[in-house]
Amino acid sequence: MLASWTPPNDYRNRPVAILGAGVLGRRIGCIWASAGFDVRLRDPSPQQREDGIAYIKENVSIYAQKTGKKAGAVHAVESLEEAVSNCWLVIEAVPEKIQLKIDTFGELDTLAPADCILASNSSSYKSSEMLEKVSEVGKRRVLNMHYYMPPQNMVVELMTDGHTEEKIFSFMTDRCKEAATLPYVARKQSTGFIFNRLWAAVKRETLTILAEGVSAPEEIDSLWTEMFVKGGATPCRTMDDVGLDTVAFIESHYVEERGLSPEKTVDYLQARYINDGKLGTKSPLGGLYPPLPSEEKCLSKDRRLVVLDIGLSSATPSMKSGSIVEFSANGKFQHTLVENQSLPDGLAVDPQTGRLFWTNMGIPGKEDGSVLSYDPETKVVDTVVPTGTINTPKQLALDTTSNKLYFSDREGLCVYRCNIDGTELEKIVQAGNPQNSENAQDARNWCVGIAVAPELGKFYWTQKGPSKGGQGRIFCANISTPEGQLPSSRSDIECVQSGLPEPIDLEVDESNCWLYWTDRGEIPLGNSLNRVRLDKFGRCSVSQKPEVLARNFNETIGLKLDVENNSVYVTDLGGSIYRCDLTDESKSLLYADSSRAFTGIAFI
Ligand SMILES: *[C@@H]1O[C@H](CO)[C@@H](O)[C@H](O)[C@H]1NC(C)=O
Ligand SMILES: *[C@@H]1O[C@H](CO)[C@@H](O)[C@H](O)[C@H]1NC(C)=O
Ligand SMILES: *[C@@H]1O[C@H](CO)[C@@H](O)[C@H](O)[C@H]1NC(C)=O
Ligand SMILES: *[C@@H]1O[C@H](CO)[C@@H](O)[C@H](O)[C@H]1NC(C)=O
Ligand SMILES: *[C@@H]1O[C@H](CO)[C@@H](O)[C@H](O)[C@H]1NC(C)=O
Ligand SMILES: *[C@@H]1O[C@H](CO)[C@@H](O)[C@H](O)[C@H]1NC(C)=O
């Protein structure tokens, strides 16, 4: 048995050596210096050494902004022995000549400390091709570590030489993150690592399209931008969304037409996924990605639904006939929590405290709207925002990371934010001037839905447009208002969807990057539950077509995502509560009572 490699536990106090002070070597040196390590830059050329050190000295503070660490010291050395003594990591970035690399690794194996990790930045050679002079035990600490062009690109790919200790990958992944780089591990030896193979496929097909005269460079680039950059589509997620059976079907067509081997496309999908019923997002077994965690989790929690009854369908509708009603997760009526509410519309529950927050619209056009809260423990109703300030508050959202409430004010033509005790009430969007009657009557300015996505740093709202008018829009803006800007003219507002029948309430699934909304506009696209993909910045292009997930509601209003169970609860003014299962695209009616009219919905 060969002694196995043990991680250098004292690595924090030991230097990193970079062999080769060229364009890349000095950048790699800068990366490790910025993580607080002392760096030795070794190059046979005095000029390269001098330029390399100058680069690091001048630029390390820029790199260190990302690590937040005090930069380590850098030294240039000529001798290899001196460079590697006591190091925990050596990265070779010598010229791409195989014999030079073979000799270098042979020397490193004898000169470097026994626990020192030996990495090659080579992109054209696998590290296995450089092992001729390396001992058996030494091969276990050699790997490829391939950088692109830092600091613009901080990706680093790690790859085995066929013998590399498994432990090195987890150890180096953590160290790379400490150095503010983004590590990706190739699980096997692969010419081109991971990224260059992806890129190779794109290049190959692009050139083929050009060679066949099918399109032109600027059109290909524009199409790419629309589909992948703006759309934020990624290969594996997209295949799961499309369905792996469909992907296999399309691939088989290319296989036939081009006489390709089906082995690693159609046959792989068939054997590995499709035969097992793993068809992608639509399948309970998942696809390339595992399925979303399901049922048991949900059932064990014994969650209940709380729903607002606006009161307009009751026997004696009035400004006091609204209520908050509790149901089981399967829609069985439990009891009324709060009554005598004045057109309640938006509802949120703080999962930590169980406290409910909701809006009462009051009389539309009068400044008699309010925000209230209810503590289920003490059964006490508190006023959060009293009447007299806000006009017609609609959907409400709670950001638990900052303890802020967000709500849209329809006749106020604006979006508000305040603390959960009502203090620091501020307008964050003003879509029109409510004093100007033309503005006020233009329903395109009517803010209704609201959703907050703290991880994406954005909030979203709907401006519904005229009833069933096809002029509804969804917008987003940054949670932090740009310095010194007004809610009526802030520059960071982006329209993410337009021309919608009549969008109402919103919710964001941040973990899977979906924006969901209800629409009470005209069929076929209205009276529906919809979603659209957001990119990793929370953006979406207006040209992205939404997916209609469920239809034929009776004036749909509220929605509540149940991400864990891949479903969405929806309410409508017709007095119904539904659960829409996104896995099998079914819509089930949980509760119906035409003497009720439901708006906001939440879990308690
Ligand atoms: C620091 O980095 C910048 C940007 O890459 C480069 O132009 C400059 O030459 C570097 N400084 C030195 C001394 O190499
Ligand atoms: C390191 O990798 C980069 C990216 O492929 C390449 O440009 C550079 O030449 C490599 N450097 C050396 C010396 O291996
Ligand atoms: C989760 O969804 C399944 C249907 O996909 C349903 O049968 C089950 O009751 C749901 N669980 C809860 C608690 O909603
Ligand atoms: C609600 O209003 C009804 C009728 O005005 C009244 O009898 C009842 O006491 C009120 N309930 C609460 C909790 O205020
Ligand atoms: C909005 O936030 C994004 C991401 O945090 C940032 O890049 C952008 O500069 C912000 N826009 C404005 C106008 O502040
Ligand atoms: C919609 O709701 C109203 C009010 O409850 C009811 O009268 C009507 O029958 C419902 N329509 C449908 C199609 O369910």
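Both counts, for ligands and for their atoms, begin at 1 and track the order of listing. Heavy atoms only: backbone and side chains are in, while hydrogens, waters and symmetry mates are out.
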When you measure from atom 2 (O) of ligand 1 to the protein, is at least one non-hydrogen atom found at a distance under 4.0 Å? yes

the protein heavy atom lying closest to atom 9 (O) of ligand 1 turns out to be E58 OE2, 4.7 Å

Is a salt bridge present between D43 and R49, judged by a nitrogen-to-oxygen distance below 4.0 Å? no

Spell out, as yes or no, whether a donor-acceptor pair under 3.5 Å connects the side chain of S120 to the backbone of E92. no

For N59 and ligand 1, does the shortest N/O to N/O distance drop below 3.5 Å? yes

Is the closest heavy atom of R27 to ligand 1 under 4.0 Å? yes

Atom 10 (C) of ligand 5 [closest protein heavy-atom partner, distance rounded to 0.1 Å]: N478 ND2, 2.4 Å

Sidechain N-carboxylate O distance under 4.0 Å for E129, K101: no

Is it true that the NZ or CZ of R417 lies under 6.0 Å from the centre of F407's six-membered ring and within 45 degrees of the ring axis? no

Can you classify the ring geometry of Y11 versus F171 as parallel (below 30°), tilted (30 to 60°) or perpendicular (above 60°)? perpendicular

Determine, counting only non-hydrogen atoms of the protein, whether one lies under 4.0 angstrom from atom 7 (O) of ligand 1. no

Protein heavy atom under 4.0 angstrom of atom 13 (C) of ligand 1, is there one? yes

Can a side-chain donor-acceptor contact be found between S127 and N144 if the only test is distance below 3.5 angstrom? yes

